[in-house]
Amino acid sequence: MQAFKTKINQYIHELQKQVERRQREDGAFVFCFEGPMMTNAFLVMLLKAVDDPDHALIRQLAESIHSKQHADGSFSLYHDQTGHLTATVQGYCAMLASGRFQKDEPHMEKAAQYIRSKGGLKNVHFMTKWMLAVNGMHPWPFFYAPLSILLIPTYVPLHFYHLSAYARIHFVPMMIALNKRYTSQASFPSLSHLDENMSKNPFDWFMATEERASHHFLTYMRSYVAYDSRLDFFGYEAAKRFMFDRLEKDGTLYSYLSATIFMVYALMSLGYSPQHHTIQKAVKGMKKLITTCQGVMYAENSTSTVWDTALVSYAFQKAGKKPDHPIIVKSTSYLLNRQQMKKADWAIHNPHVAPGGFGFSDLNTNNPDCDDTQIALKAIHHAFAPVQWKRGLDWLLSMQNRDGGFSAFEKNQDHYLLRHIPLESAEDAAIDPSTPDITGRVLHLMGQEEKNVTTPSNRRKKEQCVKWLLNHQEKDGSWYGRWGVCYIYGTWAALTGLKAAGIPSTHPAVQKGCDFLKQIQREDGSFGESCKSSEVKTYVPLSFGTVVQTAWAAEALLQYKKPKDEAIVKAISFLVNQQHSKEAMHYPVGIGLPKQFYITYHSYPFVFPMMACSTFLDEMRRMNE
């Protein structure tokens, strides 16, 4: 066992060495935030639409898209997916629009054949149909989106701010261009060879069934459409103000590439020239999001700098680095400089608390979230900045939902009508409900910082958190993780949170959770779960184990099992003894939107194995004391 511990220490040391060189002078740790090829594809089309002169960049982005194409012409969102229609349409249309590739090239013909074999464009995600429509490659639907919804006061039972933050920031520019039936003045290729009968039927366009669309939601919304002609001007002005009030200093909208692309088309639909300074600044800001991921040029949807820096700092401290170590001091300074000190949209549902949360990306000043705030507070030693730390904690705990759980961006964003909005994946995109992963991690912070959370009110919050988690365990003993893949992720977050809150190993929920993890462990000691789990809402195994999911499972089991437990030893052995494949290291275990946007966090293969192995060594020392 001593030789095993020595090997683990060497492994941790090697992980730290690889990470340390990534620290910027300002203390941040920078890793690629890699999603699907959608961002490259949309950016190529946008740059063509504004007649951007950097043709070399457009060609490079198109070539990066081509590098991800399968032999059959299709594109996938994750390794074990055989093909994905929307991703293939995105890749094909961007390659064609770029001018770098021609329709009659073999790989382009294969992509076109794949699209036709899947029924053409009818079943493509509505955001991609919108992107095709603004570029003249798909007809607009017979549909009008009443912008008067932005004028509805927030005391009305259903108003615009009941939509999730990430839905709002994309829907506003999308609604503007849709209503204007805007088509880019640039010349884009026809897609009639993919689909001769592109549908204008809104039920087809938004992939909504008529049964679902006849639900109370549409009945409720129709009452606003009748008034919108009289409120038309004010609705458009409110929509413009909504976007301009949320611009970041680099000109991007919420620092999201996708939302910024949509905003540029919305502004052009309102008569703005592509050369207008607002549009040019936005384009310049989007170009700054272009980086290299695993040797391939990639346009990040945003940076993940705050998230990655907090994770690295926390992992380093778990591995033994003291709060006064120069690396930790620098990262703490960076994080404190990114604490958000102004009220933003979150205050609409939570008006009586001072700001103090943390966001996800480097330039984010408008959109703090509970997940980034909890990990930033774990990374920042309380004594280093007690006033700012307390302010962050107060903001975070004030975001607890009425049901006792925590969601990502805003409070009590689970309006029952919006669960039935007639759009694909509405239950994942239109609302922001409590989730086991975020609830578990906030509970973990509360338990870990018990001495700083010891008010009667906070104790009640912790009890409500525990109750929510126990009430949301799946029948098989797992918990569902919304922002990671998926049941391993949620179970890790729940078990670490419950342990920090003092829930004993004898509790039936704990035993069921541990049993679930042991049952899904692979023979080589690893754990591997498919992104498909998030689509079918049940556990789907991979044919291989991933480094990150193995680390999550090992750390979860270490909360309640002895470190010499066979399952734990096998999992840690997999981490430290294997020469890991590219798939095992870089399978996308993050989720932006199920079925559409999966994320490879390039920091994860470093920080989570470091945490799991550090926990293992700590538990070994504790057992031998």
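All values below come from the heavy atoms of this structure, side chains included, with hydrogens, waters and symmetry mates left out.
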Ionic contact status for Lys287 with Asp52, cut-off 4.0 Å: yes
Kindly compute the distance separating CE (Met37) from CD1 (Ile65), expressed to the nearest 0.5 Å. 7.0 Å
Regarding Asn201 and Ser199, do their side chains bring together a donor and an acceptor under 3.5 Å, going by distance alone? no
For Trp346 against Phe409, the heavy-atom pair lying closest together: CB-O, 4.0 Å
With a 6.0 Å cut-off (strictly less than), is the heavy-atom count around NZ of Lys103, excluding the residue itself, greater than 12? no
Establish, from distance only, whether the side-chain atoms of Gln340 and Asn364 form a donor-acceptor pair under 3.5 Å. yes
Looking at Phe206, Phe203, Trp205, which one forms a ring-ring contact (aromatic ring centres under 6.0 Å, His included) with Phe143? Phe206
Please check if the side chain of Ser184 supplies one atom and the backbone of Val134 the other of a donor-acceptor pair under 3.5 Å. no
Gln69-His66 side chain donor-acceptor pair, cut-off 3.5 Å: yes
Side-chain donor-acceptor pair present, Ser534, Tyr598, cut-off under 3.5 Å: yes
Any Lys/Arg nitrogen of Arg168 or Asp345 sitting under 4.0 Å from an Asp/Glu carboxylate oxygen of the other? yes
Between Asn350 and Ser398, do the side chains contain an N or O donor and an N or O acceptor separated by less than 3.5 Å? yes
Assess whether atom NZ of Lys284 is packed by more than 12 heavy atoms of other residues, nucleotides or ligands within 6.0 Å. no
Look at atom NZ of Lys342 and say whether more than 12 heavy atoms of other residues, nucleotides or ligands are closer to it than 6.0 Å. yes
Side-chain heavy-atom pair Asp308, Val30 within 4.5 angstrom cut-off: no
Do Lys129 and Asp204 sit within salt-bridge range, that is, some charged N less than 4.0 Å from a carboxylate O? no
Can you say whether the rings of His159 and Tyr161 are parallel (under 30°), tilted (30 to 60°) or perpendicular (over 60°)? tilted
Side-chain heavy atoms of Arg100 within contact of Ile58, under 4.5 Å: no
So that I can tick it off, tell me whether Arg338 and Asp362 are bridged by a salt bridge, with the cut-off set at under 4.0 angstrom between side-chain N and carboxylate O. yes
To check you understand the geometry: which heavy-atom pair defines the closest contact between Met108 and Gln102, and what is its length? CG-O, 3.2 Å
When the ring planes of Tyr256 and His170 are compared, do they come out parallel, tilted or perpendicular, using 30° and 60° as the limits? parallel
Would you say the side-chain atoms of Glu410 pair up with the backbone N or O of Ser164, donor to acceptor, closer than 3.5 Å? no
Tell me if a side-chain donor or acceptor on Thr373 pairs with a main-chain N or O of Phe358 at a distance below 3.5 Å. yes
Which atom pair, heavy atoms only, marks the closest approach of Met131 to Asn135? O-ND2, 2.9 Å
Are the side chain of Asn301 and the backbone of Ser258 linked by a donor-acceptor contact shorter than 3.5 Å? yes
Check: Leu253 main-chain N/O paired with Glu248 side-chain donor or acceptor under 3.5 Å: no
Is it true that, when you exclude Lys532 itself, more than 12 heavy atoms of the residues, nucleotides or ligands shown sit nearer than 6.0 Å to its NZ? no
Thinking salt bridges, do Glu237 and Lys240 make one under a 4.0 Å N-O criterion? yes
Plane angle bin for Trp130 and Tyr265 - parallel if under 30°, tilted between 30 and 60°, otherwise perpendicular: perpendicular
Using 4.0 Å as the upper bound for N to carboxylate O, is an ion pair formed by Glu34 and Lys68? yes
Within the 3.5 Å criterion, strictly below it, is a donor on Thr86 or Thr128 matched to an acceptor on the partner's side chain? no
Can you confirm whether the side chains of Ser64 and Tyr298 place a donor and an acceptor under 3.5 Å from each other? no
What's the separation between atom CD1 in Ile279 and atom CE in Met263, rounded to the nearest 0.5 Å? 7.5 Å
For the residue pair Ala430 and Ala167, what are the closest heavy atoms and their distance? CA-CB, 4.2 Å
Within the 4.5 Å heavy-atom criterion, are Ile152 and Ile149 side-chain neighbours or not? yes
Mutual orientation of the aromatic rings belonging to Tyr601 and Phe33 [parallel < 30°, tilted 30-60°, perpendicular > 60°]: tilted
For residues Ser434 and Asn401, is any side-chain donor paired with an opposing acceptor at under 3.5 Å? yes
